[in-house]
Amino acid sequence: MAREVAESCIDSINLELVHTYSMRLHPTKPELAARRVEAIGFQVGLQLAERYTKERPRFGDHLEAIKFICKDFWAEVFKKQIDNLKTNHRGVFVLQDNRFRWLTRFSLDAPTSGNGSSSGEPNPANAARASQAAGQYLYFPCGLIRGALTNLGVPCAVSAEVSALPACSFIVRIKG
Amino acid sequence: MPPNSRPGDAVFANVERVNAELFTLTYGAIVRQLLTDFEEVDEVNKQLDTMGYNIGIRLIDDFLAKANITRCSDFRETAETIVKVGFKMFLGVTGTVTNWNAEGTECSLILDDNPLVDFVELPETCQGLYYCNMLCGVIRGALEMVSMRTEVKFVKDVLRGDEAFEIRLKLLEQVPEEYPYKDDD
């Protein structure tokens, strides 16, 4: 059986990675911090995809590669598959994970100002807050996806959106 | 299985576990990025230690909640607990404690096996790098939260050509716990 470590090792190192780059090394340059964290994710995604596809023939097209990410890759890394895949058939794919593993321990404080809605309801204000707060923790998985797809021959840009924790969507835009 | 034999195994079996690959590769990518960001290898060693420390001060809670052990009666027990329970329940590997000094305040922790270094080779340009230095910070941070100030550093490193991973653990100060309530007279 493949070697295992406690999942808390991954959680700890992910959290500390973000804190190190966003708060210690580049506290006044959030975009630079984001690029560094994303770059680390990219490196890991590249290497993981390499390992996971060693025995396989090359993918026929971009859609097959994306599906691989949604099923096999996601299952290896996050122990589940992507819940929903959408595309506009013009090079944009939206990968939706309704219970993204690395956000499940993340929670927002309920808004104190009375606007009548609880923090669990999906309204635009809460979505914006959720996206912003969770955002820096999603650079690494965005990089992971971009690295994996790049290794599979799909150059792309990847971003993430959170509407209601712990669900999030990864948006893949194919380049070229 | 007799009670208290290999307690780390039981804990490890009960925690959520993941493929070590993701962890190994993430750690490696962090080291690689730090080497790019900081030109001095010594600075990278320090950054790894600081990251480890920040992890350790939180990880201790996780450890205490899951390990189900009684309070260590002395530093010897502390060291044994680190290698037999701590390393096992997080990294899935055990170690041994050797080379105690006469006062029982300094020892070596030997790692049998080390998931951080799977498939890792250091290039010539990384002379002086303690690749696994984050581990030292983790131990130091965790122990500080249970009132022990320590010095933790690698003295032998397989990636640098030695035959084992050896961490020298030194107790600097035991800060006695202060009870918040006065004893009744």
Side-chain angles (χ1 to χ4, degrees), chain A residues 1-26 29 32-52 54 72-80 101-102 104-105 139-141 143-144 147-148 151, chain B residues 8 11-34 36-38 43 46-48 50-63 65-67 86-93 113-116 118-120 134-135 137-138 141-142:
Chain A
M1 194 181 67
R3 195 207 268 282
E4 290 185 314
V5 295
E7 186 164 26
S8 57
C9 292
I10 295 284
D11 294 338
S12 299
I13 212 170
N14 276 354
L15 203 70
E16 186 51 33
L17 169 62
V18 173
H19 288 176
T20 290
Y21 277 91
S22 301
M23 294 175 207
R24 278 195 309 111
L25 299 183
H26 307 295
K29 299 185 192 164
L32 180 57
R35 279 206 302 279
R36 293 284 184 267
V37 174
E38 204 270 358
I40 291 170
F42 179 84
Q43 179 69 36
V44 180
L46 205 67
Q47 291 177 286
L48 278 177
E50 178 79 42
R51 278 163 212 267
Y52 296 158
K54 256 200 302 235
D72 303 53
F73 186 84
W74 221 254
E76 283 283 350
V77 179
F78 301 111
K79 299 186 172 185
K80 66 184 284 289
R101 203 170 177 93
W102 292 348
T104 53
R105 278 165 278 276
Y139 296 131
F140 182 77
L144 211 63
N151 179 270
Chain B
V11 186
F12 189 60
N14 284 331
V15 299
E16 276 285 350
R17 297 180 305 284
V18 293
N19 215 313
E21 229 170 14
L22 175 64
F23 180 66
T24 302
L25 291 175
T26 300
Y27 188 83
I30 291 173
V31 177
R32 203 195 244 97
Q33 186 64 50
L34 288 174
T36 306
D37 293 342
F38 295 93
E43 189 55 45
K46 272 196 222 139
Q47 287 295 331
L48 287 172
T50 301
M51 289 179 78
Y53 177 83
N54 291 339
I55 290 174
I57 59 178
R58 288 190 293 264
L59 206 69
I60 185 69
D61 287 335
D62 200 12
F63 172 80
K66 292 177 180 157
F87 283 168
K88 183 68 192 183
M89 69 185 268
F90 290 112
L91 300 177
V93 297
D113 191 8
N114 188 346
L116 291 178
D118 283 344
F119 315 111
V120 172
M134 204 183 279
L135 273 181
V138 174

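Below, chains carry the letters A, B, ... as their sequence lines are ordered, and counting in each starts from 1.
The parts of B:Leu34 that come within reach of chain A are both its backbone and its side chain, each placing non-hydrogen atoms under 4.5 angstrom from that chain. Of the atoms belonging to A:Phe78, not a single heavy atom falls under 4.5 Å from chain B. Residue contact with chain A, scored on non-hydrogen atoms closer than 4.5 Å, involves the side chain of B:Val93 exclusively. Using a 4.5 Å cut-off between heavy atoms, B:Asn54 contacts chain A through both its backbone and its side chain. Residue B:Leu59 touches chain A through its side chain alone, counting heavy-atom pairs closer than 4.5 Å.
In this structure, A:Tyr21 OH and B:Ile30 CD1 are separated by 7.5 Å, a value rounded to the nearest 0.5 Å. For the atom pair A:Ile13 CD1 and B:Met134 CE, the distance stands at 4.5 Å (nearest 0.5 Å). With rounding to the nearest 0.5 Å, the separation of OG1 in A:Thr20 from CD1 in B:Ile55 is 8.0 Å. Distance OG1/B:Thr50 to NE2/A:His19: 15.0 Å, rounded to 0.5 Å. Rounding to the nearest 0.5 angstrom, the gap separating the CG atom in B:Leu22 from the CD atom in A:Gln47 is 11.0 Å. Note that CZ of B:Phe23 is 8.0 Å distant from OG of A:Ser12, once rounded to the nearest 0.5 Å.
At least one side-chain heavy atom of B:Glu16 sits less than 4.5 Å from a side-chain heavy atom of A:Arg101. Looking only at side-chain heavy atoms (C-beta outward), A:Glu76 and B:Asn19 come within less than 4.5 Å of each other. Looking at A:Leu25 and B:Phe38, their side chains come closer than 4.5 Å, going by heavy atoms from C-beta outward. Looking at heavy atoms from C-beta onward, B:Gln33 lies out of side-chain contact with A:Val37 at the 4.5 angstrom threshold. Under the 4.5 Å side-chain criterion, counting only non-hydrogen atoms from C-beta, B:Arg32 is in contact with A:Gln43.
For the pair A:Arg3 and B:Glu21, the salt-bridge criterion is not met [side-chain N within less than 4.0 Å of a carboxylate O].
Chosen from B:Gly28, B:Ala20, B:Ala29, B:Gly92, the residue pairing most often with chain A at heavy-atom distances under 4.5 Å is B:Ala20.
Around NZ of A:Lys29, the count of heavy atoms belonging to other residues, nucleotides or ligands within 6.0 Å does not exceed 12.
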* Please walk me through it: do A:Arg24 and B:Met51 pass side chain to side chain contact (heavy atoms under 4.5 Å, CB included)? -> CA-CA 10 Å; A:Arg24 278 195 309 111; B:Met51 289 179 78; 3.6 Å; yes

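Under a cutoff of 6.0 Å and an axis angle of 45°, A:Arg51 and B:Phe119 form a cation-pi pair.
Here the shortest heavy-atom pairing between A:Val44 and B:Leu25 reads CG2-O, 3.7 Å. Contact record, B:Thr26 with A:Ile40: O-CG2, 4.5 Å, taken as the closest heavy-atom pair. Among all heavy-atom pairs drawn from B:Phe90 and A:Cys9, the shortest one is O-SG, 3.3 Å.
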